[in-house]
There are 2 protein chains.
Amino acid sequence: MTPPPAARHRTASEQVGSALLDAAQAVLDREGLSAVSVRAVASEAGVAPMGVYNRFQNKDGLLIALATRAFGALKDAVGTGDPVEDPLGRFREGCRAYRTFALRYPQQYRLMFTGVESLASPSPAAEHGSATLQVLVDTIDVAVQQGILRTEPVQAAQVVWNAIHGAVSLELANLHVTLKRHGFDPAETYDRMLEVLIDGLR
Amino acid sequence: MTPPPAARHRTASEQVGSALLDAAQAVLDREGLSAVSVRAVASEAGVAPMGVYNRFQNKDGLLIALATRAFGALKDAVGTGDPVEDPLGRFREGCRAYRTFALRYPQQYRLMFTGVESLASPSPAAEHGSATLQVLVDTIDVAVQQGILRTEPVQAAQVVWNAIHGAVSLELANLHVTLKRHGFDPAETYDRMLEVLIDGLR
DNA sequence: TGTTCTAGAGAACGTTGTTCTACAGAGTTC
DNA sequence: GAACTCTGTAGAACAACGTTCTCTAGAACA
């Protein structure tokens, strides 16, 4: 007896995009970027693979949307550069939140900075990374206004971003082995780095 | 009239490995990592695709060998941490050489740190990156011995590596747009960063 | 010349990203 | 309710990829 054809399931149009994004994020977090294929994501979302092309133009479009979402989450995690009484405390807090996010969502962090190669149009990192940089600029600016730091905020913010992005990237790439072999804790080293930067910016 | 079968060309055994490596490097430098396929590399090398499997076990093995070679080149570029009269000069010189290498061979730099995901065995970066770190450790150690810097060399070297790797990575990812928009030069910012680090390590 | 080693040629397989066609679910209009 | 429109699903097809396998033949050696 031939089994009846499988009933077709149809997701409401407004939900296909978010279903695909949620699914892509789940697959990414669970199995890494190499497992994020169009079919795997569509299957995870319970929609047809063509949905990726209908909604995001192609696979890269999906990854870009995913990275964009992650950048938003990072910016939320880092907080704001609004004026506070203790700008250096805010600075440290924001930088730590940056690292915490990356360690909690390593696959997303990798996707954000190296997952999508787009030569024709600006990469998602170029478009959205500046929001995080702006928080750094604002935070440093407050400290400068209060005379705590003596530096030009934009360039200093870039220097700080260089350092924290590098720290997190090397840690995610398991490149703190020598450090650990000498008995140093990565989190403590990260804090030490922040203090070095602050001292260098006075 | 059927054309005669193409004459078979056979590369000497000792040369297949290096021919594949040279070819892979050429394809990588010219077209980026996504163009480095087994067939493309074999074709570029004038050998059969099976050569990749005969010599490097699989594609990843080839990429690992390529990254290993690049790490060697980077270490050569950075120079040594031998004692010199002007350790901070040596430090700056080595850090600049690091950036110069990455900007000259962006695709290789990307391959070195993010091109091969190996979960079971240590990544090429983990195995070979420490040679570069050791140069930093030695350089900083000389400065410490001479009383110029006051810091623990291993942790400080990791901090410096964080910063320069981050700087170079963000630059390669075109994430210096805000900086440039404010009229800052990336090379000058890199030097500024080195000075911030040195000041913070005194 | 015969034997051994091994690289080249080519095919095959499963998977991937992408495109295309046909079908059908859902909503709207008459 | 029937017809029409919009659009998501199912499935096929294609080229390319990484990989494995088989057969042939080039190279070296005895």
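Chain A is the first sequence line, chain B the second, and so forth, proteins listed ahead of strands; every chain is numbered from 1.
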What donor-acceptor contacts under 3.5 angstrom involve side-chain atoms of residues 65-75 of chain A, with partners at least two apart or in another chain?
residue : atom : partner : partner atom : Å
A:T68   : OG1  : A:I64   : O            : 2.7
A:T68   : OG1  : A:H128  : NE2          : 3.3
A:R69   : NH1  : A:D22   : OD1          : 3.0
A:R69   : NH1  : A:Q25   : OE1          : 3.0
A:R69   : NH2  : A:D22   : OD1          : 2.9

Problem set entry | Nearest-angstrom distance from the residue atom CG of A:L62 to P of C:dT16 | 15 Å
Please list every donor-acceptor pair under 3.5 Å in which a side-chain atom of residues 136-146 of chain B meets a protein atom from a residue at least two apart or in another chain.
residue : atom : partner : partner atom : Å
B:D138  : OD1  : B:Q134  : NE2          : 3.0
B:T139  : OG1  : B:V135  : O            : 2.7
B:D141  : OD1  : B:Q145  : NE2          : 3.4
B:Q146  : NE2  : B:V84   : O            : 3.1

For this session: Report the distance from atom CG of A:L63 to atom C1' of C:dT18, rounded to the nearest whole Å.
Result: 15 Å
Seminar exercise, completed: Across all chains, not counting sequence neighbours, the ring pair (Phe, Tyr, Trp, His ring centres under 6.0 Å) partners of B:F101 are B:Y105
Problem set entry | Side-chain heavy atoms of B:D191 within contact of B:R96, under 4.5 Å | yes
Seminar exercise, completed: Here the distance between atom C1' of C:dT15 and atom CD of A:E31, to the nearest Å, is 15 Å
For this session: Please state how far atom CD in B:Q57 lies from atom P in D:dG18, giving the value in whole angstrom units.
Result: 15 Å
Exercise. Excluding sequence neighbours, so at least two apart, what forms side chain to side chain donor-acceptor pair (under 3.5 Å) with A:E93?
Worked result: A:R90
Problem set entry | Contact list for DNA chain D against residues 40-52 of chain B - heavy-atom distance below 4.0 Å | B:M50
Indicate every side-chain donor-acceptor pair of residues 151-158 of chain B with a distance under 3.5 Å to a residue at least two apart or in another chain.
residue : atom : partner : partner atom : Å
B:T151  : OG1  : A:R192  : NH2          : 2.9
B:E152  : OE1  : B:V154  : N            : 3.2
B:E152  : OE1  : B:Q155  : N            : 2.6
B:E152  : OE2  : B:V154  : N            : 3.1
B:Q155  : NE2  : A:E188  : OE1          : 2.8
B:Q155  : NE2  : A:T189  : OG1          : 3.1
B:Q158  : NE2  : A:H176  : NE2          : 3.4
B:Q158  : NE2  : B:N162  : OD1          : 3.2

Pairs under 3.5 angstrom, nitrogen or oxygen only, protein versus nucleotides 3-6 of chain C, please.
residue : atom : partner : partner atom : Å
C:dT6   : O2   : B:R10   : NH1          : 3.2
C:dT6   : O2   : B:R10   : NH2          : 3.1

For this session: Give every residue pair that meets the side-chain hydrogen bond (donor to acceptor under 3.5 Å, both in side chains) criterion with at least one member in residues 42-53 of chain B, sequence neighbours excluded.
Result: B:R30-B:E44
Exercise. In Watson-Crick or G-U wobble terms, both distances under 3.5 Å, what is the partner of C:dT19?
Worked result: D:dA12
Seminar exercise, completed: Separation of D:dT22 atom P from B:Y53 atom OH, nearest Å, is 17 Å
Exercise. Of all residues at least two apart in sequence or in a different chain, which pass the ring pair (Phe, Tyr, Trp, His ring centres under 6.0 Å) check with B:F56?
Worked result: none
Problem set entry | Position toward the 5' end of DNA chain D (nearest nucleotide), B:N58 or A:R39 | A:R39
